[in-house]
Undergrad: 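Below you will find the structure I want to go over with you.
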Amino acid sequence: MEGWDPNTKSTLTQIPLLTTKAGPRDGAAWTTRLKEEYKALIAYTQMNKSNDNDWFRISAANPEGTRWTGKCWYVHNLLKYEFDLQFDIPVTYPSTAPELELPQLDGKTQKMYRGGKICLTVHFKPLWAKNCPRFGIAHALCLGLAPWLAAEVPVLVDSGMIKHKDDATSTSES
């Protein structure tokens, strides 16, 4: 964690680390892992809310906990930009990090793959590999999606690639 800003360090140290190394094919061990994932997500969400930094909502979209959907948002120039968020838990999880998808932004930035999957290869994946199985979904959001949104949304807004929902409404009404 050398070279990290104090805020990121503080946030990361407050997200519980996971202990169970299990993926979706591991039966009861996966259920244990899923409970740990929920505990970490709840802790991260509560921490964000208490710091007035609430920026996502996600939940498992299926009973197995292998598909997740929700919303994430980023405030730029005092305007809230909201995006759908979705991802599947890979079969090789937790050795392989989930690929976080923002389908509405597909094709709008070079830092994205097919289907709106955000690019995390250079900075995040080595960190995930080093911390497997201790990192989970909450860590992927904190160290993957949050910095990606902070880097990309302002550029996309300033370049006109994305518009605020109020701007889009007023334009279509004219």
Undergrad: Is the number of heavy atoms from other residues, nucleotides or ligands under 6.0 Å of K35 NZ greater than 12?
TA: no
Undergrad: Between R134 and T19, does the side-chain contact (heavy atoms from CB on, under 4.5 Å) criterion hold? Intermediate values first, please.
TA: CA-CA 6 Å; R134 297 180 305 268; T19 57; over 6 Å; no
Undergrad: Is L141 close to I58 at the side-chain level, that is, under 4.5 Å between some pair of heavy atoms?
TA: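 Side chain of I58 against side chain of L141, heavy atoms only: contact under 4.5 Å found.
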Undergrad: Please name the pair of heavy atoms, one in P98 and one in P90, separated by the smallest distance, quoted to 0.1 Å.
TA: CA-CD, 3.9 Å
Undergrad: Main chain of I137, side chain of W68: is a donor-acceptor contact present, judged purely on distance under 3.5 Å?
TA: no
Undergrad: I'd like to check I15 versus C142 (side-chain heavy atoms, cut-off strictly below 4.5 Å). Are they in contact?
TA: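 A side-chain contact exists here, since the closest heavy-atom pair is under 4.5 Å.
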Undergrad: Just do the side-chain contact (heavy atoms from CB on, under 4.5 Å) check on L143 and W128 with the steps written out, would you?
TA: CA-CA 9 Å; L143 297 173; W128 180 276; over 6 Å; no
Undergrad: In plain terms, say whether D54 and R57 are close enough for a salt bridge, that is, a side-chain N and a carboxylate O under 4.0 Å apart.
TA: yes
Undergrad: Is T109 reaching over with its side chain to a backbone N or O of L105, donor-acceptor style, under 3.5 angstrom?
TA: no
Undergrad: Any side-chain heavy atom of P133 within less than 4.5 Å of one from Y93?
TA: no
Undergrad: More than 12 non-hydrogen atoms from neighbouring residues, nucleotides or ligands closer than 6.0 Å to NZ on K111, yes or no?
TA: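 Count not over threshold, so no.
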Undergrad: Go through it in stages, so that I can follow the logic: the residues are I162 and V153, the test is side-chain contact (heavy atoms from CB on, under 4.5 Å), and I'd like the CA-CA distance, side-chain angles, deciding distance and then a yes or no.
TA: CA-CA 8 Å; I162 59 174; V153 171; 4.2 Å; yes
Undergrad: Decide whether F83 and V75 are clustered together by the hydrophobic rule: side chain heavy atoms of Ile, Leu, Val, Met, Phe, Trp, Tyr closer than 4.5 Å, transitively.
TA: no
Undergrad: Would you call the rings of H164 and Y81 parallel, tilted or perpendicular, taking 30° and 60° as the class edges?
TA: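 Perpendicular: the ring planes of H164 and Y81 meet at over 60°.
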Undergrad: Please answer: with hydrophobic residues joined when any side-chain heavy atoms are less than 4.5 Å apart, are M161 and L149 in the same cluster?
TA: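 Yes, one cluster joins them.
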Undergrad: Treating T20 as the side-chain partner and A22 as the backbone partner, does any N or O pair qualify as donor plus acceptor under 3.5 Å?
TA: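 No, T20 side chain to A22 backbone: no donor-acceptor pair under 3.5 Å.
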Undergrad: Do L18 and L100 sit in the same hydrophobic cluster, where Ile, Leu, Val, Met, Phe, Trp and Tyr count as joined when their side-chain heavy atoms come under 4.5 Å apart?
TA: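 Different clusters.
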Undergrad: Shortest non-hydrogen contact from W30 to G65?
TA: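 Here W30 and G65 meet closest at CZ2-O, 3.5 Å.
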Undergrad: Which residue in the set K117, E101, E99 passes side chain to side chain donor-acceptor pair (under 3.5 Å) when paired with Q86?
TA: E101
Undergrad: Can you run down the ring-ring contact (aromatic ring centres under 6.0 Å, His included) pairs that involve residues 136-162, sequence neighbours left out, and say none if there aren't any?
TA: F135-H139
Undergrad: For a 4.5 angstrom cut-off between non-hydrogen side-chain atoms, does E36 reach P16?
TA: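 No, every pair of side-chain atoms sits at 4.5 Å or beyond.
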Undergrad: To the nearest 0.5 Å, what is the distance between NZ (K71) and OG (S59)?
TA: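 Between K71 NZ and S59 OG, I get 12.0 Å after rounding to 0.5 Å.
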Undergrad: Enter the distance from E64:CD to I89:CD1 here, rounded to the nearest 0.5 Å.
TA: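 One gets 12.0 Å once the value is rounded to the nearest 0.5 Å.
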Undergrad: Hey, is the main chain of P6 close enough, under 3.5 Å, to the side chain of S10 for a donor-acceptor pair?
TA: no
Undergrad: Would you call L145 and L102 a side-chain contact if the rule is heavy atoms closer than 4.5 Å?
TA: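 They are in contact (side-chain heavy atoms under 4.5 Å apart), so the answer is yes.
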Undergrad: Are F56 and I42 connected in a single hydrophobic cluster, I mean Ile/Leu/Val/Met/Phe/Trp/Tyr linked by side-chain heavy atoms less than 4.5 Å apart?
TA: no
Undergrad: Taking the side chain from D106 and the backbone from G116, do they hold a donor-acceptor pair closer than 3.5 Å?
TA: yes
Undergrad: Is it the case that over 12 heavy atoms from other parts of the model lie below 6.0 angstrom from the CZ atom of R67?
TA: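 For R67, atom CZ is crowded (more than 12 foreign heavy atoms under 6.0 Å).
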Undergrad: Please check this pair: side chain of D26 against backbone of G23, looking for a donor-acceptor N/O pair closer than 3.5 Å.
TA: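 Side chain of D26 to backbone of G23: a pair is present.
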Undergrad: Please work out whether the ring planes of Y44 and W55 are parallel, tilted or perpendicular, with thresholds of 30° and 60°.
TA: perpendicular
Undergrad: Just so I know, are the side chains of K21 and S95 near enough to count as touching, which here means a heavy-atom distance under 4.5 Å?
TA: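 K21 vs S95: side chains touch.
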Undergrad: Which heavy atom of F124 sits nearest to which heavy atom of A140, and what is that distance?
TA: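 For F124 and A140, the tightest heavy-atom pair comes out as CZ-CA, 3.6 Å.
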Undergrad: Is there a donor-acceptor contact under 3.5 Å from the side chain of N62 to the main chain of T66?
TA: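 Answer holds: yes.
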Undergrad: Would L79 and V157 count as a side-chain contact (heavy atoms from CB on, under 4.5 Å) if you check the C-alpha gap in whole Å, the side-chain angles of each, and the deciding distance to 0.1 Å?
TA: CA-CA 10 Å; L79 296 173; V157 170; over 6 Å; no
Undergrad: So how far is it from Q14 CD to Q46 CD, rounded to the nearest 0.5 Å?
TA: 11.5 Å
Undergrad: Within this structure, what is the NZ-CE distance for the pair K108 and M112, rounded to the nearest 0.5 Å?
TA: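 Atom-to-atom, K108:NZ and M112:CE are 10.0 Å apart.
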